Amino acid sequence: MVDVVALGELLIDFTPAGKSANGNALFESNPGGAPANVLATLAKFNTTTAFIGKVGNDQFGSFLMETLQKNRIDTQGLIYSKDVNTTLAFVHLKEDGDRSFQFYRSPGADIMLQEQEVDVELVQQAKIFHFGSLSMTHEPAKTATLKALHAAKEKDVLISFDPNLRPALWESLSQAKETILEGMQYADVLKISDEELEFTTGIRNLEEGSQFLFEKFELKVVLVTLGVNGCFYRFGKGTGHMTGFQVGTIDTTGAGDLFFGAFLHQFLQKDVSWEAIKTEELEAMILFANAVAALGTTKKGAIPAIPSLDEARQLLEGRN
Ligand code: ATP
């Protein structure tokens with residue numbers, strides 16, 4: 001029995017690492033991919049997890065497989081492609097400190113996952129099935145994602161969705177919007193950033209944008225992450241805002257993934273259906289997720305920055 005199963009992209013992020021003696025740019029190879037970051041957070045908090053996806057039969061693919069295993073994520077659903085290489089992305093730091101991504105994915109193994117390669121039984125035995133939008137940018141991975149979503153729905157597995165817009169990966173922004181909205185049809189728990197909310201709804205106001213999605217889809221909760229400002233939520237029982245934690249932030253890579261992993265962990269700890277969750281419980285879950293994500297910004301990278309449960313509790317106690 002595995003509690004949380006995620007399907008999605010798994011790739012190498014090359015992040016800037018200074019200059020060589022010759023003055024040429026150096027890059028560090030880091031494991032990348034939002035769904036795996038979510039699972040690594042859950043696994044760190046002792047939740048059982050499994051990953052479904054595809055990497056190349058190359059050194060980067062082996063490195064990613066080992067990384068998942070080292071982080072106690074089950075890899076029975078991770079396939080090695082014989083035909084294509086592991087997807088690569090280069091991260092460039094812009095002058096204003098913002099990051100831009102350049103993907104080497106034409107095609108990369110992550111988008112070559114085929115529907116018959118999805119372990120349907122693994123999906124159907126889970127308590128939560130998690131996905132993002134980057135496995136839906138191209139075929140055959142889009143059909144594979146939809147297959148897993150139908151399988152999860154059939155068995156009433158709770159579905160969590162983090163759209164994670166990366167404009168460069170889509171043929172067009174209208175395709176991105178359409179596909180993200182298609183993904184929302186399956187979601188129970190939606191985590192979305194304020195920019196993505198505006199992108200998908202055309203509405204900047206958080207109350208109105210989240211209401212639009214809530215009415216259009218059968219969502220149980222919408223979590224709109226606001227960076228350092230924490231998270232706005234819409235729930236069957238109303239809306240609210242949980243402020244973030246001020247910490248010594250050095251790198252926000254994966255903050256949203258740590259947030260979502262921590263939030264899902266809190267839900268599983270409750271061991272009740274969504275309908276039984278009260279507003280103050282939801283707020284405590286979000287507060288915990290804010291604390292975990294904030295701590296995650298005090299170290300470099302995503303997976304290496306996941307704090308322990310004790311560290312998160314200490315930060316929470318400090319606020320109380
Ligand atoms: P990403 O796509 O980079 O994974 P995101 O855009 O989905 O992230 P953000 O809104 O940047 O998500 O951040 C998610 C959560 O992380 C926030 O809700 C907040 O709890 C925490 N967080 C992010 N940045 C900071 C920061 N600078 N200081 C404290 N907490 C932060």
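Quick note: numbers below take in every heavy atom, side chains included, and nothing from hydrogens, waters or symmetry partners. Both counts, for ligands and for their atoms, begin at 1 and track the order of listing. Model, not experiment: these values are computed from the prediction.
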How are the rings of Phe14 and Phe60 set relative to one another: parallel (under 30°), tilted (30 to 60°) or perpendicular (over 60°)? perpendicular
Heavy-atom proximity to atom 29 (C) of ligand 1, best of Phe232, Phe259, Phe263, Phe245: Phe245
With nothing but distance in play, are any N or O atoms of Gly256 less than 3.5 Å from an N or O of ligand 1? yes
In Å, rounded to the nearest 0.5 Å, how long is the span from CD of Glu208 to CD1 of Ile203? 6.5 Å
Heavy-atom contacts with Asn164 under 4.0 Å: which atoms of ligand 1 show up? List them by number with element. 2 (O)
Atom indices of ligand 1, in the order listed, that fall short of 4.0 Å to a heavy atom of Asn290: 18 (O), 19 (C), 20 (O)
Protein heavy-atom partner closest to atom 18 (O) of ligand 1 - residue, atom, separation in Å: Gly230 O, 2.9 Å
State whether Phe103 and Arg166 meet the cation-pi test: NZ (Lys) or CZ (Arg) under 6.0 Å from the six-membered ring centroid, and within 45° of the perpendicular axis. no
Interfacing atoms of ligand 1 (cut-off 4.0 Å, heavy-atom, Ala294): 29 (C), 30 (N)
Would you call Lys142 and Glu182 a salt bridge, using N to O less than 4.0 angstrom? yes
Where ligand 1 meets Ala293 - atom numbers and elements under 4.0 angstrom, heavy-atom basis: 15 (C), 16 (O), 20 (O), 21 (C)
Beyond-backbone contact of Glu207 with Arg234, side-chain heavy atoms, under 4.5 angstrom: yes
Below 4.0 angstrom from a heavy atom of Thr249, which ligand 1 atoms are there? Numbered from 1 as shown, please. 26 (C), 27 (N), 28 (N)
Student check: side-chain heavy atoms of Asp119 and Gln76 closer than 4.5 Å: yes
Check whether any heavy atom of Glu195 sits under 4.0 Å from an atom of ligand 1. no
Would you mind running through ligand 1 and noting each atom that sits below 4.0 Å from a heavy atom of Gly254? 4 (O)
What about Val247: any of its N or O atoms under 3.5 Å from an N or O on ligand 1? no
Roughly how far, to the nearest 0.5 Å, is CE of Met242 from OG1 of Thr225? 15.0 Å
For the residue pair Leu223 and Phe259, establish whether any side-chain heavy-atom pair is separated by less than 4.5 Å. yes
Is there a polar contact, in the sense of an N or O pair closer than 3.5 Å, between Asp162 and ligand 1? no
With atoms numbered from 1 as shown, which atoms in ligand 1 lie under 4.0 angstrom from a non-hydrogen atom of Ala255? 4 (O), 13 (O), 14 (C), 16 (O), 23 (C)
Walk me through whether His241 and Tyr233 qualify under ring-ring contact (aromatic ring centres under 6.0 Å, His included). CA-CA 6 Å; His241 176 208; Tyr233 69 83; 9.2 Å; no
Which heavy atom of the protein is the closest neighbour of atom 7 (O) of ligand 1, given with residue, atom name and distance? Lys191 NZ, 2.6 Å
Among protein heavy atoms, which lies nearest atom 12 (O) of ligand 1, and at what distance? Thr225 OG1, 3.3 Å
With atoms numbered from 1 as shown, which atoms in ligand 1 lie under 4.0 angstrom from a non-hydrogen atom of Ser193? 6 (O)
Measure the spacing between CD1 of Ile192 and CG of Asp162 and express it to the nearest 0.5 Å. 8.5 Å
In the structure I gave you, are the side-chain heavy atoms of Thr48 and Asp74 within less than 4.5 Å of one another anywhere? no
Option set Pro163, Gly248, Gly227, criterion heavy-atom distance to atom 17 (C) of ligand 1, minimum: Gly227
